[in-house]
J.: 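Just dropping this structure here.
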Amino acid sequence: MTPAAAPSRKHILTVVVEDYFQVGAFSHLIPSGYWSRFETNLRRDTDIALALLEATACKATFFTCGWIADNHPEILRRIVDAGHEVACQGYFHHGIGELSPRDFEIDVRRSRLAVEDATGTAIRGFRIGRGWIGPQGLWALDALAEAGFAYDSSFRAAAGDTARSVVHRHAAPAGPLYEVPPSGLPLLNLPLPGRP
């Protein structure tokens with residue numbers, strides 16, 4: 001296959017690296033402590049994604065959790081070797097309401113170290129593993145800046161908050177954190193995000 005011509009317009013493309021048993025819909029049935037008991041499809045699925053990206057001459061950011069970094073580091077190295085960015089989703093897939101601020105901070109730092117060890121690269125980005133960070137969770141953006149992340153892609157602005165619904169700079173006490181909210185379509189004057 002011949003790679004497609006480079007697009008004239010820039011897009012941000014992200015891929016979530018997770019296995020079928022790690023999705024949020026199964027979290028009440030398959031706790032993270034059982035993940036190692038399941039046969040993985042990560043290698044196959046990642047190879048398919050990498051081949052498609054190569055065939056279309058596209059680059060992407062692959063978000064992954066620290067557990068995958070510790071248990072399948074070779075997959076993350078393949079992603080980096082193919083010229084893509086790898087970013088964090090926390091060590092396990094947690095929603096913002098599932099962890100205390102202190103536990104959230106510990107989790108994101110653990111994840112970042114695991115992913116950096118697996119890839120041999122500095123990790124700059126974060127996206128929460130489950131759900132969204134909303135206006136009441138701005139403390140989490142401060143914690144991400146404190147942990148050394150440069151950007152986050154987890155924030156879902158309140159209806160009508162157009163300033164926070166586009167790429168913007170969050171002024172955290174530890175320094176700036178760029179917020180790159182997921183794109184969406186307006187539905188009944190409310191943002192319809194691209195992922196649940």
Side-chain angles (χ1 to χ4, degrees), residues 1-26 32 35-36 38-94 108 111-133 144 147-156 165-168 177-185 191-196:
M1 227 182 243
T2 306
S8 59
R9 190 169 148 184
K10 295 280 185 187
H11 297 277
I12 298 173
L13 176 63
T14 64
V15 178
V16 176
V17 180
E18 67 183 3
D19 231 318
Y20 62 97
F21 52 83
Q22 295 173 315
V23 297
F26 294 148
S32 57
W35 287 355
S36 60
F38 289 84
E39 182 179 347
T40 182
N41 290 327
L42 280 176
R43 184 181 314 270
R44 181 200 66 198
D45 295 348
T46 303
D47 285 347
I48 291 169
L50 290 174
L52 180 60
L53 291 167
E54 182 179 359
T56 57
C58 292
K59 295 296 179 191
T61 297
F62 285 72
F63 287 94
T64 189
C65 68
W67 184 89
I68 288 175
D70 281 344
N71 289 275
H72 303 284
E74 72 287 353
I75 292 172
L76 301 186
R77 282 192 294 272
R78 287 177 49 78
I79 294 168
V80 170
D81 289 347
H84 303 284
E85 178 186 18
V86 175
C88 290
Q89 282 195 294
Y91 195 81
F92 294 111
H93 292 158
H94 293 295
V108 298
S111 173
R112 185 173 184 192
L113 289 173
V115 176
E116 286 180 342
D117 285 348
T119 61
T121 63
I123 300 302
R124 301 177 29 215
F126 182 85
R127 178 183 287 162
I128 194 135
R130 188 175 305 134
W132 303 99
I133 296 174
L144 293 171
F149 289 98
Y151 72 89
D152 170 68
S153 185
S154 309
F155 189 78
R156 183 172 179 188
S165 63
V166 296
V167 176
H168 63 276
L177 176 80
Y178 285 91
E179 183 57 45
V180 185
S183 60
L185 301 171
L192 181 66
R195 69 176 184 91

J.: Rounded to the nearest 0.5 Å, how far does CZ of Phe126 lie from OG of Ser111?
T.: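 Taking OG in Ser111 and CZ in Phe126, the distance rounds to 7.0 Å.
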J.: How about Arg127 and Thr14: does a side-chain donor come under 3.5 Å of a side-chain acceptor?
T.: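 A pair is found: one side chain offers a donor N or O, the other an acceptor, under 3.5 Å apart.
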J.: Under 6.0 Å from the six-membered ring centre of Phe149 and within 45° of its axis: does the NZ or CZ of Arg112 meet both?
T.: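 Output yes; distance and angle both within limits.
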J.: Is any side-chain heavy atom of Thr61 closer than 4.5 Å to a side-chain heavy atom of Tyr151?
T.: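 Heavy-atom side-chain distance check passes, below 4.5 Å.
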J.: For a quick test of reading the model, state the closest non-hydrogen atom pair linking Glu179 to Asp152 and the distance between them.
T.: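 For Glu179 and Asp152, the tightest heavy-atom pair comes out as OE1-OD2, 2.6 Å.
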J.: On a heavy-atom basis, which atom in Val167 and which in Val180 lie closest, and how many Å separate them?
T.: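 Result for this residue pair: CG2-CG1, 4.0 Å.
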J.: How close do Ile68 and Glu18 get, heavy atom to heavy atom, and via which atoms?
T.: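 The pair with the smallest heavy-atom distance is CD1-CA, 3.9 Å.
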J.: Please determine if Glu85 and Lys59 form a salt bridge, counting it only when a charged side-chain N lies under 4.0 Å from a carboxylate O.
T.: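 No salt bridge links Glu85 with Lys59.
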J.: Can you name the nearest heavy-atom pair linking Ala87 to Gly125, along with the distance?
T.: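 For Ala87 versus Gly125, the nearest heavy atoms are CB-O, 3.3 Å.
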J.: Checking His168 side chain against Val166 main chain: does a donor-acceptor pair fall under 3.5 Å?
T.: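 Such a contact is found between His168 side chain and Val166 backbone.
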J.: Would you compute the distance between atom NE2 of His72 and atom CH2 of Trp67 and round it to the nearest 0.5 angstrom?
T.: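 Here the interatomic distance stands at 4.5 Å.
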J.: Under the rule for side-chain contact (heavy atoms from CB on, under 4.5 Å), what residues qualify as partners of Ala118, not counting sequence neighbours?
T.: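 Ala69, Pro73, Leu76.
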